[in-house]
Amino acid sequence: MSTEIPILAIDAGNTRIKWGLHEGGHWRARGVLPTADAPNIGLQWIAAPTGTSAVASNVAGPAVAEHLANAAAERGIDLQIIVTPASQLGVTNGYRNPGQLGTDRWAALVAAHRAMPGDKLVVNVGTALTIDALAGDGRFLGGLIVPGPALMRRSLDHGTAALRLVDGMFEPFPSSTPNAITTGAIQACVGAIERVRGDMVAQGVPPMGLLLSGGGALEIAAHLPMPATFNENLVLDGLVAMALPR
Ligand SMILES: Nc1ncnc2c1ncn2[C@@H]1O[C@H](COP(=O)(O)OP(=O)(O)O)[C@@H](O)[C@H]1O
Ligand SMILES: CC(C)(COP(=O)(O)O)[C@@H](O)C(=O)NCCC(=O)O
Ligand SMILES: [K+]
């Protein structure tokens with residue numbers, strides 16, 4: 001029997017809301033729903049026992065925050081929506097304005113610092129692709145925000161007359177429009193990661209590892225410039241670490 005209180009961790013991103021119920025040292029239940037369905041999030045939390053407390057990262061805007069707050073209140077769950085601090089659990093925030101850094105990126109950095117020693121890259125492939133440099137001593141050195149591969153393809157669909165959303169395959173020298181679009185998005189993402197890796201090498205903090213997460217991670221995983229460790233739950237892991245008593 002663990003004395004640990006049940007924690008509902010919530011990662012509200014721009015495309016999907018991911019959540020997990022953590023109890024007794026492991027994930028007891030998990031779920032995901034489109035962010036557009038945020039008004040229905042409470043229906044997924046039936047299993048949350050009395051006394052559950054919730055910790056959320058929300059980068060999807062104030063309306064989503066309100067839906068989370070309502071769903072928690074209806075179930076008597078105490079909810080904390082985090083803001084990004086200047087330092088926490090051994091990680092220090094390199095942003096000039098610490099609160100400007102997305103809370104999902106911060107939670108992933110906190111989890112990454114605990115999960116892997118040494119200088120590393122923390123990459124999330126979601127709506128946006130974020131590529132964050134984290135030193136082994138916990139310093140967040142900075143990172144990039146790039147449209148994720150799905151958003152890149154959508155922007156071509158919206159912004160050109162001839163290009164449409166069609167399934168293509170990765171091909172090093174693409175020989176069709178669908179393959180050119182698919183390969184272009186993957187190479188743009190992987191190329192940006194390679195550039196940050198190069199900048200870390202130039203700064204004298206060559207990354208020893210790469211932590212990969214996010215709904216689009218598998219799209220780019222085979223093309224990365226270095227071996228990666230996939231963690232489906234990096235943001236949720238970080239949120240639980242913040243919520244657990246120390
Ligand atoms: N069934 C799916 N529904 C939506 N997105 C999906 C699905 N399967 C894979 N994806 C990919 O996952 C991305 C969303 O990943 P996620 O980590 O949830 O992003 P966010 O945190 O921005 O909401 C989409 O942009 C798309 O590339
Ligand atoms: C970069 C993000 C849009 C990523 O969001 P996501 O793709 O996970 O939905 C989000 O972390 C955000 O809104 N960040 C604030 C700006 C920043 O981190 O600098
Ligand atoms: K993301």
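These numbers come from a predicted model, not from an experiment. For ligands, and for the atoms within them, numbers begin at 1 and follow the listed sequence.
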If you count the atoms of ligand 2 from 1 in the order shown, which ones are under 4.0 Å from a heavy atom of R105? 11 (O), 17 (C), 18 (O), 19 (O)
Do T35 and T15 pair up side chain to side chain, a donor and an acceptor below 3.5 Å, judged on atom types alone? no
Which ligand 1 atoms does A150 reach within 4.0 Å, using its non-hydrogen atoms? 25 (O), 27 (O)
Any side-chain heavy atom of N124 sitting closer than 4.5 Å to one from D104? no
Heavy atoms from other residues, nucleotides or ligands near CG of N97 exceed 12 (cutoff 6.0 Å): yes
Strictly by modelled atom types, are T92 and S87 linked by a side-chain donor-acceptor pair under 3.5 Å? no
Counting from 1, what ligand 2 atoms have a heavy atom of T130 closer than 4.0 Å? 1 (C)
Where's the contact between T127 and ligand 2, heavy-atom distance under 4.0 Å: side chain, backbone, both or neither? both
If hydrogens are left out, which of T15, D104, T127 has an atom nearest to atom 22 (O) of ligand 1, that is, the closest non-hydrogen atom? T127
If the cut-off is 4.0 Å to any non-hydrogen atom of Y95, which atoms of ligand 2 fall inside it? 17 (C), 18 (O), 19 (O)
Ligand 2 versus D104: contacting region, heavy-atom distance under 4.0 Å: side chain
N/O to N/O below 3.5 Å, does that happen between T35 and ligand 1? no
Note: ligand 1 atoms sitting under 4.0 Å from heavy atoms of N14 are 20 (P), 22 (O), 23 (O)
Taking N or O atoms only and a 3.5 Å limit, does G102 qualify as a polar contact for ligand 2? yes
Polar-atom distance check: G214 versus ligand 1, any N or O pair below 3.5 Å? no
Within reach of ligand 2, part of T103 (heavy-atom separation under 4.0 Å): neither
Under 3.5 Å, N or O to N or O, is N124 touching ligand 2 that way? no
Heavy atoms of F170 and T183 approach each other most closely as CA-OG1, 3.4 Å
Kindly indicate whether the side chain of L156, heavy atoms from C-beta on, has any atom under 4.5 Å from the side chain of L165. no
Polar proximity ligand 1 side, K18 side, N/O cut 3.5 Å exclusive: yes
Are K18 and E232 ion-paired here, with the side-chain N under 4.0 Å from a carboxylate O? no
If you look at every heavy atom in T103 and I82, which pair is closest and at what distance? CG2-O, 3.3 Å
When the ring planes of W45 and W19 are compared, do they come out parallel, tilted or perpendicular, using 30° and 60° as the limits? perpendicular
How close do K120 and M200 get, counting heavy atoms only, and between which atoms? O-CE, 3.5 Å
Pair N231-D237, side-chain donor/acceptor within less than 3.5 Å: yes
A student checking ligand 2 against Q100 at a 4.0 Å heavy-atom cut-off should list atoms 15 (C), 16 (C), 17 (C), 18 (O), 19 (O)
I131 and A192 have their tightest heavy-atom pair at CD1-CB, 3.6 Å
Could you name the option among R154, R153, M152, R16 that has the heavy atom nearest to atom 4 (C) of ligand 1? R16
Ignoring angles and geometry beyond distance, decide whether T15 reaches within less than 3.5 Å of ligand 2 through its nitrogen or oxygen atoms. no
State the atoms of ligand 2, each with its element, that fall below the 4.0 Å cut-off from a heavy-atom position in N14. 3 (C), 5 (O), 6 (P), 9 (O)
If you measure every N/O of G13 against every N/O of ligand 2, is any gap under 3.5 Å? no
